[in-house]
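What follows is one structure encoded as structure tokens, with my remarks underneath.
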Number of protein chains: 2
Amino acid sequence: MTRTSITPSGITPSGITPSDDAAPAAEGRPFSQILDRLRGAGLRPTRQRMALAKLLFDGGDRHLTAEMLHADAQSANVRVSLATVYNTLHQFHRAGLLREIVVDSQRTYFDTNMSDHHHFYFDETGELSDIPGDQVEVAALPPVPDGMAVSRVDVVVRVRPADA
Amino acid sequence: MTRTSITPSGITPSGITPSDDAAPAAEGRPFSQILDRLRGAGLRPTRQRMALAKLLFDGGDRHLTAEMLHADAQSANVRVSLATVYNTLHQFHRAGLLREIVVDSQRTYFDTNMSDHHHFYFDETGELSDIPGDQVEVAALPPVPDGMAVSRVDVVVRVRPADA
DNA sequence: CATCAGATTAAAATAATTCTAAACTTGACA
DNA sequence: TGTCAAGTTTAGAATTATTTTAATCTGATG
């Protein structure tokens, strides 16, 4: 239970409606948390960033692509262009709010789980699931080339239906 | 020294010329090795597959993209279309002659080193280098989801200039 | 050496992502 | 509160890596 996600109880799924947007936010919790998060990251809390942040961080750990988040936004009646979704994902990533996962050399996934962990990748379906950091041990890393520093170690366990 | 690559001594860089192609191949070594390799994989030894195989396997361990191999072919005066390079790389991969590496979600790399090993990835330059399998230890893999089998475990150590 | 499945190719098509330039918003300040 | 610069959003065009298409070749076999 070390996650930092925000999971309020009785708030409209996507909160922000086209008409009313400086919504009062009941006791002022979920909105201001996201707001602080954006401010803290030096990102102006715009309507679309707020909405995307809510979609991203309100639902537990998620692995998604730009297209997925865009679709999510559509279903939640949040109007954002795909370009903005791409921009926002990258900004959030640079700001340390999201992690980029490379498992498929054709699409880019982002992970809302920023803790130290690795991934299962289901080749068939293209789905991802987390492996807690403490369940994989990468021992004995070789000496890093001169003048270089490790920026990250990624472990991807590729799985497929046991069978053939 | 457990590699299986073929490194002949005094043969013209790419061997195959547009005009003469059923070349005698001196004592019949490098050609027939590649030939056997293709035949063994159930791939018809065509002019372009032979040439690409030579480029791929004659030069030690290599990490390359389709575009790179295509460029290689051009400089070696081997005429192959880019589409054929793509096809060939995938066929070789399916045939177990090449390994696909996912480190960059924008291009696909292939590795001629089929032994068990992992990679350093230089974020800045997009270059790759091998880490011998025995220099990384992935211990304590978590239980694989039901009905699934591990098809591969990839470890990528991302590095960048030590500094700022 | 005729045949044909399999291979190659140029060119068009696709998919994911980025860029562009114009049209907004936002926050700051007078 | 009105104004404005700087930062954002957006539709659509552009780019990049890769795949598909359809036509044309080529290697293996009889």
Side-chain angles (χ1 to χ4, degrees), chain A residues 16 18-22 31 34-36 38-53 55 63-71 73-74 78-95 98 100-110 126, chain B residues 16 18-23 31-32 34-36 38-53 55 63-71 73-74 78-95 98 100-110 126:
Chain A
I16 292 151
S19 42
D20 167 24
D21 104 81
F31 267 102
I34 287 184
L35 216 140
D36 292 348
L38 292 185
R39 290 240 171 82
L43 293 171
R44 253 205 239 171
T46 64
R47 213 196 293 84
Q48 19 294 72
R49 292 215 265 238
M50 290 290 280
L52 292 176
L55 288 172
H63 303 107
L64 29 68
T65 65
E67 303 270 359
M68 289 175 191
L69 179 55
H70 188 236
Q74 311 262 256
V78 173
R79 303 209 141 291
V80 233
S81 72
L82 185 55
T84 297
V85 172
Y86 273 103
N87 290 339
T88 303
L89 285 172
H90 286 132
Q91 289 154 354
F92 283 13
H93 175 233
R94 260 181 269 118
L98 287 177
E100 198 183 335
I101 311 176
V102 182
V103 274
D104 176 331
S105 46
Q106 228 52 208
R107 55 177 97 292
T108 301
Y109 284 86
F110 290 89
Chain B
I16 291 149
S19 42
D20 166 23
D21 102 82
F31 269 101
S32 55
I34 287 184
L35 216 141
D36 293 349
L38 292 185
R39 288 238 171 83
L43 294 171
R44 245 204 246 171
T46 65
R47 213 197 292 84
Q48 21 291 75
R49 292 216 265 237
M50 291 289 282
L52 291 176
L55 288 173
H63 303 106
L64 31 67
T65 64
E67 303 270 0
M68 288 175 191
L69 179 56
H70 187 236
Q74 312 262 254
V78 173
R79 299 212 144 289
V80 234
S81 71
L82 185 55
T84 296
V85 173
Y86 274 103
N87 290 338
T88 303
L89 285 172
H90 286 132
Q91 290 152 354
F92 283 13
H93 174 233
R94 260 181 267 118
L98 286 178
E100 199 182 334
I101 312 177
V102 183
V103 274
D104 176 331
S105 47
Q106 228 52 209
R107 52 178 101 292
T108 301
Y109 284 86
F110 291 88

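Hydrogens, waters and symmetry mates play no part in the numbers below; they use all other heavy atoms, side chains included. Each chain gets a letter, A, B and so on, in the order its sequence line appears, and its residues count up from 1.
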Roughly how many Å is it from [atom1] in [X] to [atom2] in [N], rounded to a whole number?
| X | N | atom1 | atom2 | answer |
| --- | --- | --- | --- | --- |
| B:N87 | D:dT20 | CG | P | 10 Å |
| B:L82 | C:dA12 | CG | C1' | 14 Å |
| B:L69 | D:dA17 | CG | P | 15 Å |

Is the distance from OP1 or OP2 of [N] to the nearest side-chain N or O of [X] less than 4.0 Å?
| X | N | answer |
| --- | --- | --- |
| A:H90 | C:dT18 | yes |
| A:Y86 | C:dT18 | no |
| B:R49 | C:dA7 | yes |
| A:Q48 | C:dT25 | no |
| A:T84 | D:dT9 | no |
| B:T108 | D:dA17 | no |

Tell me which of B:R44 and A:A83 sits closer to the 5' end of DNA chain D, going by the nucleotide each one is nearest to.
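The residue closer to the strand's 5' end, by nearest nucleotide, is A:A83.
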How far apart are the closest heavy atoms of A:E100 and A:F110, and which atoms are they?
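The answer is CG-CE2, 4.0 Å.
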Which residue lies more 5' along DNA chain C, comparing A:Y109 with B:L43 via nearest heavy atoms
B:L43
Let me know, please, whether B:Q106 or B:T46 comes out on the 5' side of the other along DNA chain C by nearest nucleotide.
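So the residue in question is B:T46.
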